[in-house]
Amino acid sequence: MIRVRGLSKEFGTHDNGGGVLALSDIDFEVHDNEFITIIGPSGCGKTTLLRIIAGLIPYDDGEVAIDGRAVAGPGPERAVVFQNFALMPWADVLANVTFGLEVRGTPPDECRDKARRLIKLVGLEGFEKRLPKELSGGMQQRVGLARALAVNPQILLMDEPFGALDEQTRRLLQEQLLRLWEGQRKTVVFVTHSMDEAVMLGDRVMLMTPRPGKVKEMIDVPLQRPRSPQVEKSGAFVEIKEYLWENLRAMQVGES
Amino acid sequence: MKQETVAKAAVKSRAAPTVARLPALRRFTRENAPELLALVAGAALWEVLGRSLGLQWLPPFSKVMEALAQFVGSGVILANLGSSLQGLIVGFSLALILGLLLGSLMGRYRYVEKALDVYVHALFVCPSIVFAPIFFAIFGLSDASRIAIIVVYSMFVIVINTATAIRTVDPSLVEMARAFGCREAQIFTRILLPASLPLVFAGIRLGMGRAVKGMINGEMLIAFVGLGALAQRYGAQFDAAKVFAIAMVVLIIGLVSNAFVQMIDNRLTRWAD
């Protein structure tokens, strides 16, 4: 379980006196095997929040704990999927997927076996020897997903993973992610700026407001699992999406 | 399975393009036609100017080739070439090791860069030959002097390029490595080093060229052996054909050493093009 209590984060306090409050008094929990999506306008600190949970940046106040242990850096129970894929351009698909396993000291044979299994799982069998630049964006992010899953994390942290992809690719990857998640339910924190994506994937949607980033509301998504693309036509889906848009629109209008 | 064979075929075809079936010489001529034409035209122009102008400092191309053939035949070139290359290899290797080490530290650690940047740039801009008398004073008329000159000639461009290369590595890759639990040493070997290789090699190529310059300049000033010393001697005798012949040999060393670095570069950074 991920527990966040009274979390605050300020940027730029050291260099230029007047710091920017990126996150203020954030409270929420993510239960085991829960899929939570975080949405908010740009500047609401959703990516910052994810990076704090990942242990990549420190926080100023409050508490961030995983199964009761305070987060003080990256840990083996967490894996991150990045918006820009963050693949090593010099390494082929197989080497990219084995990366996390190798740095954790897994024997080479085991690395390769596990990586091959994951590459197959994300549908990239036959592309093991390709370089990232030889793959489409969607395929590259599937490599990123396989790399994260390869270390068998308990928690998957996804930072706008499909944000850089075109809509068709994005929808296909959403469906694939849902299928993977149904097969092996991990705890997922998924940051997005797409309302469809937030509702489609999440058990709950966390709506954030900007400047400073705060939690506005936690919204339950009472849609049945497993979810098919048809779910988008259901009343509940449309209603939640509308509700999110009303809120996000009000925030944007207030900004401009 | 089918996809796999397709992928394999693609890899194979990239490694062995169809052009490879042509005889090597014909392929070489075809691919380098502009360069070869330029060289032939240059030699012809040189020959014509040399003959028609009759200047003492511009012997015709054929005379230079004659002098070169004599040098090679008498073994003079070989003896001096060996001495020069020895200095070049030792000096450049030292420059490479020091340059990569210093450059890496400067690229990764902001305070190291801040501390050393002014020295590195000062020494990079400063004509390296001014250090020759100092090295001569320290090491005397020994190999150490020549080698030290080669090091100062070639090291700083490697330092600067390596530092820039390391500093400009995509920060999201470093973050990714940290997210997977890499320690500093692992970030260095697994991310920073491979990612910076293309730019590092650009520096190594420049450093190689400067090392050849340093070799000749050093020998001209403070050595009795080597191609530089030879050029110095014939220069003093106003024997232009011989000086040009030595220049030809230096030119070839420059081209070959550059091609050698390029070959290693191509092997290691194929992913970048």
Side-chain angles (χ1 to χ4, degrees), chain A residues 47 50-51 53-57 73-106 116 119-120 123-135 139 144 147-148 150-151 153 155-157 159 164, chain B residues 1-17 104 110-111 114 162 165-166 168-202 204 264-273:
Chain A
T47 290
L50 195 88
R51 282 154 50 93
I53 298 171
L56 290 170
I57 51 174
E77 75 288 347
R78 283 158 287 159
V80 185
V81 179
F82 297 88
Q83 179 177 15
N84 65 356
F85 320 138
L87 300 180
M88 300 175 290
W90 59 88
D92 62 18
V93 168
L94 187 68
N96 267 291
V97 176
T98 53
F99 182 81
L101 293 165
E102 278 174 21
V103 299
R104 286 171 194 191
T106 316
R116 287 226 162 80
I119 288 168
K120 194 175 169 184
L124 285 177
E125 204 180 1
F127 291 90
E128 287 87 351
K129 293 282 158 212
R130 296 295 184 94
L131 291 176
K133 67 173 180 187
E134 298 170 316
L135 306 177
M139 290 161 97
R147 174 179 62 193
V151 295
I155 297 167
L156 203 53
L157 302 170
D159 180 19
Chain B
M1 197 62 224
K2 197 177 174 187
Q3 275 171 333
E4 198 179 340
T5 44
V6 172
K8 266 185 193 156
V11 169
K12 219 177 245 171
S13 75
R14 196 178 42 202
S104 299
R110 191 90 189 87
Y111 49 89
K114 280 196 147 179
T162 306
I166 297 271
T168 52
V169 168
D170 182 356
S172 70
L173 283 178
V174 175
E175 180 153 89
M176 181 279 290
R178 285 182 50 218
F180 280 102
C182 281
R183 285 167 285 108
E184 181 68 10
Q186 282 175 311
I187 289 178
F188 221 95
T189 54
R190 292 181 159 272
I191 302 293
L192 295 176
L193 234 51
S196 61
L197 224 46
L199 202 51
V200 166
F201 261 101
I204 294 176
I264 298 173
D265 185 3
N266 288 346
R267 272 170 171 259
L268 292 179
T269 65
R270 194 172 293 157
W271 56 273
D273 37 64

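All values derive from a computational prediction rather than experimental measurement. These numbers come from the heavy atoms of this one structure, side chains and all, not from hydrogens, waters or symmetry mates. Each chain gets a letter, A, B and so on, in the order its sequence line appears, and its residues count up from 1.
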*Part of A:L101 within contact of chain B (heavy atom distance under 4.5 Å)*: neither
*Would you check if A:F99 and B:C182 make a side-chain contact, meaning some heavy-atom pair closer than 4.5 Å?*
yes
_4.5 Å side-chain heavy-atom contact, A:V151 and B:F180_ = yes
*Side chain, backbone, both or neither: which part of A:V103 has a heavy atom under 4.5 Å from chain B?*
both
*Check B:S172 against A:A86 and note the closest heavy-atom contact, atom names and distance.*
O-CB, 3.9 Å
_Interchain contact, A:R51 with chain B, by part (heavy-atom threshold 4.5 Å)_ = side chain
*Count the heavy atoms belonging to other residues, nucleotides or ligands that lie under 6.0 Å from NZ of A:K133, then report whether that count exceeds 12.*
yes
_Using 0.5 Å steps for rounding, measure from the CD atom of B:E175 to the CZ atom of A:F82._
5.5 Å
*Which of the residues B:G181, B:A272, B:P198, B:A179 is involved in the greatest number of heavy-atom pairs with chain A at under 4.5 angstrom?*
B:A179
_Under 4.5 Å from a heavy atom of chain A, the part of B:R190 involved_ = both
*asked:* Under the criterion side-chain contact (heavy atoms from CB on, under 4.5 Å), I'd like the reasoning laid out for A:M88 against B:I191: C-alpha separation, chi angles, the key distance, then a yes or no.
replied: CA-CA 8 Å; A:M88 300 175 290; B:I191 302 293; 3.9 Å; yes
*Taking atom CG of A:N84 and atom CG of B:L173, what is their separation to the nearest 0.5 Å?*
8.0 Å
*Ignoring hydrogens and geometry, is there a side-chain-to-backbone donor-acceptor pair from B:R178 to A:P74 under 3.5 Å?*
no
